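Right, one structure below, let's go through it.
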Amino acid sequence: MSNQNNEFDENYDADLISLLDDEGNEYEFEILDEIDYKDSHYYALMPMFDLPEEGIDSESTYMIFEEVYDDNDEAPQLAEVDDDDLLDEIAAIFEAHFDENMADDEPEEDFEQE
């Protein structure tokens with residue numbers, strides 16, 4: 001992501017991760033959040049590329065991946081969550097985190113009483 005000259009970007013360093021698909025194609029994502037839930041670790045990742053589906057804006061879309069280990073437990077990998085109910089639960093947690101962060105970033109308004 002390019003670092004533009006504006007107030008928001010001055011103090012912002014994105015955490016980026018590159019993932020390979022089954023065909024060896026590399027895709028870059030920004031790590032938005034991480035949580036531990038039900039004995040697993042999950043990531044909310046925003047794609048840093050255009051999504052092929054029509055009508056989906058990659059800048060307002062995030063994907064959820066679960067950290068899994070191979071048979072040797074050597075290196076973690078990220079896998080899509082197959083269980084739709086679990087995915088909904090995790091998405092609700094991430095959405096709550098995003099809402100909290102947005103509320104924390106909003107400036108407080110001072111109101112004067114007359």
Side-chain angles (χ1 to χ4, degrees):
M1 190 162 110
S2 65
N3 196 6
Q4 300 173 349
N5 291 330
N6 64 37
E7 246 177 74
F8 177 75
D9 287 333
E10 283 181 19
N11 298 317
Y12 180 74
D13 290 325
D15 290 328
L16 301 178
I17 186 171
S18 293
L19 300 178
L20 296 175
D21 67 9
D22 293 337
E23 286 120 28
N25 300 313
E26 185 175 2
Y27 298 95
E28 190 168 69
F29 295 85
E30 178 181 352
I31 301 172
L32 300 176
D33 198 3
E34 300 176 46
I35 61 168
D36 290 314
Y37 183 70
K38 293 188 176 181
D39 298 325
S40 289
H41 192 77
Y42 297 94
Y43 291 83
L45 304 178
M46 183 175 66
M48 303 302 291
F49 53 91
D50 291 331
L51 296 171
E53 294 87 10
E54 284 186 38
I56 297 179
D57 179 14
S58 63
E59 291 183 13
S60 63
T61 301
Y62 69 95
M63 300 173 171
I64 297 174
F65 290 92
E66 178 181 11
E67 185 177 75
V68 295
Y69 289 87
D70 61 9
D71 295 333
N72 299 328
D73 285 338
E74 290 179 15
Q77 298 180 13
L78 297 182
E80 294 178 322
V81 179
D82 293 330
D83 182 333
D84 288 338
D85 292 332
L86 177 60
L87 187 61
D88 289 341
E89 291 174 32
I90 297 165
I93 295 169
F94 280 128
E95 293 290 331
H97 284 190
F98 299 155
D99 290 344
E100 287 173 17
N101 289 336
M102 291 294 284
D104 290 344
D105 290 343
E106 291 178 5
E108 292 183 23
E109 294 183 26
D110 294 328
F111 294 100
E112 292 182 24
Q113 293 182 340
E114 293 183 28

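Source: prediction; values computed, not measured.
With sequence neighbours excluded, the residues satisfying ring-ring contact (aromatic ring centres under 6.0 Å, His included) with Phe65 are Phe29. Among residues two or more places apart in sequence or in another chain, the side-chain contact (heavy atoms from CB on, under 4.5 Å) test is passed with Asn25 by Asp21, Glu23, Tyr27. Here Glu67 pairs with His41, Tyr43, Tyr69, Pro76, Leu78 under the side-chain contact (heavy atoms from CB on, under 4.5 Å) rule; sequence neighbours left out.
Note on Ile17 and Leu20: separate hydrophobic clusters, where clusters join Ile, Leu, Val, Met, Phe, Trp and Tyr whose side-chain heavy atoms are under 4.5 Å apart, directly or indirectly. Ile35 and Val68 fall into different hydrophobic clusters, where Ile, Leu, Val, Met, Phe, Trp and Tyr residues are linked whenever their side-chain heavy atoms come under 4.5 Å apart, directly or through other members.
Within the model, atoms CD of Glu89 and CG of Asp83 stand 7.5 Å from one another, a figure rounded to the nearest 0.5 Å. Considering CD of Glu34 and CG of Leu32, their distance stands at 10.5 Å, rounded to 0.5 Å. From Ile31, atom CD1 reaches atom CE of Met46 across 11.5 Å, with rounding to the nearest 0.5 Å. Distance CG/Asp33 to CD1/Ile90: 12.0 Å, rounded to 0.5 Å.
A side-chain donor from one of Tyr62 and Glu95 sits under 3.5 Å from a side-chain acceptor of the other.
Ring geometry, Phe94 versus Phe98: the interplanar angle falls under 30°, so the pair is classed parallel (tilted spans 30 to 60°).
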